Asks: 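Please read through the structure below; I'll follow up with questions.
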Amino acid sequence: MFEPQEFVDEKIAELRSTIIGNAIIACSGGVDSTAAAVLVSRAIGERLLTVYVDTGMMREGETETVRSMLSRLGVNFKVVDASGEFFSALRDVIDPEKKRKIIGERFIRVFEREAREFKAEFLVQGTIAPDWIESGDNVRDMIKSHHNVGGLPSDIKLKLVEPMRDLYKDEVRKLARHLGVEVSERQPFPGPALAIRIIGPVTPESVDIVRKAGSIVEEELERAAKNKKMELPWQYFAVLLPVQSVGVQGDNRVYGKTIAIRAVQSIDGMSAAYSKIPHEVLEIISVRITNEMKKNVNRVVYDITNKPPATIEWE
Ligand code: XMP
């Protein structure tokens with residue numbers, strides 16, 4: 001049986017003797033990296049800097065939520081607004097793999113800069129057992145280059161500290177609760193964030209569109225699930241397509257953009273079935289998107305593809 005208090009006591013003693021000097025951790029606001037940040041900060045206090053990189057491509061309200069959580073938890077943290085450099089690095093890039101690589105590299109650049117400035121010698125990561133067990137599997141072809149906000153390369157010149165390496169997800173959740181971290185039951189969210197939900201170039205405008213549409217999808221599906229009209233999907237979001245089509249608004253012809261709704265049931269994301277959302281719920285979403293986003297979107301479609309053959313994210 002996993003006893004969080006025992007684990008914390010043991011780790012704090014161990015961390016105090018291994019971390020001599022300053023340490024840094026990248027925190028995405030997710031359970032793993034936040035729990036690791038709180039645990040290590042209990043051990044070495046201000047000598048740990050927790051960095052949250054705002055890429056400008058986060059979901060609605062995300063940065064504010066993380067900021068208030070980190071300040072409540074009393075860790076020494078910094079929110080780095082790097083949106084400008086992310087948008088310039090992504091200018092005119094439409095290839096999904098290029099987008100992923102650029103975001104990953106840019107993230108490392110920003111983080112390295114912060115580490116240098118803080119004179120960090122240690123890098124803390126919220127790696128948990130399934131992360132390294134799964135990454136040992138190279139039998140499957142690489143379909144997408146995945147990266148998490150914590151997934152930094154090993155050639156970074158810092159000593160790696162992974163205090164939760166042997167824990168499984170349920171143990172991490174127990175630990176997180178014990179440390180006062182809100183364990184959100186929020187759906188998974190990809191490291192490259194909204195950039196891979198925009199088919200085509202990533203600009204502040206396209207991010208705004210997909211962010212707003214995504215928040216409508218989230219709100220309405222969560223409402224429908226709460227009202228017992230359906231089961232909440234495992235993952236659900238909006239995708240902005242590079243397709244324009246003719247529409248009519250009042251007496252005018254419009255030529256607007258298309259939003260695809262993606263919602264799936266899955267256990268672990270490896271395979272997925274599209275969610276059978278009731279038509280009346282789809283209609284509410286479609287009406288809200290086209291009313292509230294009149295200036296940009298005039299068509300909403302629903303993705304009815306399973307994984308395989310499709311993947312969950314479009315890029
Ligand atoms: P796909 O699109 O490959 O996604 O069917 C499977 C699950 O993984 C998430 N995903 C990512 N998660 N970094 C992550 O941490 C990534 O680069 C990444 N790409 C996809 C996706 O949201 C889904 O839950």
Side-chain angles (χ1 to χ4, degrees), residues 25-36 52-60 62 66 86 89-90 93 95-108 110-111 125-135 137-153 162 164 169 172 184-199 202 207 210-211 213-215 217-218 221 232-241 260-275 303-315:
I25 181 170
C27 179
S28 63
V31 179
D32 303 353
S33 58
T34 312
Y52 171 87
V53 179
D54 182 354
T55 61
M57 290 172 272
M58 319 310 288
R59 278 173 295 187
E60 184 93 36
E62 191 136 32
V66 175
F86 274 88
L90 286 167
V93 177
D95 179 76
E97 273 306 299
K98 271 201 194 128
K99 276 187 195 171
R100 284 172 171 274
K101 294 251 156 63
I102 289 170
I103 293 168
E105 281 162 15
R106 184 59 32 197
F107 187 85
I108 291 161
V110 174
F111 191 72
Q125 285 198 294
T127 319
I128 66 170
D131 298 337
W132 55 271
I133 293 169
E134 274 162 26
S135 60
D137 162 27
N138 46 22
V139 179
R140 284 178 39 159
D141 283 347
M142 193 201 64
I143 299 184
K144 299 176 183 181
S145 59
H146 273 220
H147 45 75
N148 292 312
V149 169
L152 297 164
E162 294 177 314
M164 306 187 322
K169 199 75 195 186
V172 175
S184 99
E185 298 300 328
R186 241 182 143 177
Q187 49 170 324
F189 188 63
L194 297 177
I196 57 165
R197 295 178 178 173
I198 293 164
I199 315 307
V202 179
V207 170
V210 84
R211 179 188 286 133
S215 76
V217 171
E218 285 192 25
L221 292 184
L232 191 65
W234 185 77
Q235 197 171 10
Y236 42 103
F237 52 88
V239 182
L240 176 61
L241 309 188
I261 302 168
R262 182 69 164 143
V264 296
Q265 296 302 353
S266 177
I267 306 282
D268 53 9
M270 301 293 280
S271 62
Y274 84 86
S275 295
D303 179 352
I304 53 167
T305 334
N306 296 333
K307 172 183 181 178
T311 52
I312 298 175
E313 304 286 349
W314 279 43
E315 288 195 336

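Because the structure is predicted, anything quoted here is derived from the model rather than measured. Atoms within a ligand are numbered from 1 in the order they appear, just like the ligands themselves.
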Asks: Compare all side-chain heavy atoms of Met57 with those of Val202 and state whether any distance is below 4.5 angstrom.
Replies: yes
Asks: For ligand 1, indicate whether the residue Trp234 contacts it via side chain, backbone, both or neither (heavy-atom separation under 4.0 Å).
Replies: side chain
Asks: Is it the case that ligand 1 has an N or O less than 3.5 angstrom from some N or O of Glu315?
Replies: no
Asks: Do the side chains of Glu218 and Arg186 get close enough for a salt bridge, i.e. N-O under 4.0 angstrom?
Replies: yes
Asks: Tell me whether the count of non-hydrogen atoms from other residues, nucleotides or ligands lying under 6.0 Å of NZ in Lys98 goes above 12.
Replies: no
Asks: Are the side chains of Pro188 and Trp234 in touch, meaning some heavy atoms are under 4.5 Å apart?
Replies: yes
Asks: Which ligand 1 atoms are under 4.0 Å away from a heavy-atom of Gly269?
Replies: 6 (C)
Asks: For Thr311, take its heavy atoms, then give the atoms of ligand 1 lying under 4.0 Å from any of them.
Replies: 1 (P), 2 (O), 5 (O)
Asks: Under 3.5 Å, is there a donor-acceptor pair between the side chain of Arg100 and the main chain of Glu315?
Replies: yes
Asks: Please work out whether any backbone atom (N, CA, C, O) or any side-chain heavy atom from C-beta onward of Met270 is under 4.0 Å from ligand 1, and answer side chain, backbone, both or neither.
Replies: neither
Asks: When you measure from atom 12 (N) of ligand 1 to each heavy atom in Ser28, Pro308, Ser266, Pro190, which option holds the nearest one?
Replies: Pro190
Asks: For the backbone of Gly56 and the side chain of Asp54, can you confirm whether one donor and one acceptor N or O come within less than 3.5 Å of each other?
Replies: yes
Asks: For ligand 1, which atoms sit closer than 4.0 Å to a heavy atom of Gly191?
Replies: 13 (N), 14 (C), 15 (O), 16 (C)
Asks: Under a 4.0 angstrom heavy-atom cut-off, which atoms of ligand 1 come close to Arg100?
Replies: 16 (C), 17 (O), 18 (C), 19 (N), 20 (C)
Asks: Number the atoms of ligand 1 from 1 as they appear, then name those within less than 4.0 Å of a heavy atom of Lys307, with their elements.
Replies: 1 (P), 3 (O), 5 (O), 6 (C)
Asks: Do ligand 1 and Pro192 have nitrogen or oxygen atoms that lie under 3.5 Å from each other?
Replies: no
Asks: Ignoring hydrogens and angles, tell me if any N or O in the side chain of Asp303 forms a donor-acceptor pair with the backbone of Ile261 under 3.5 Å.
Replies: no
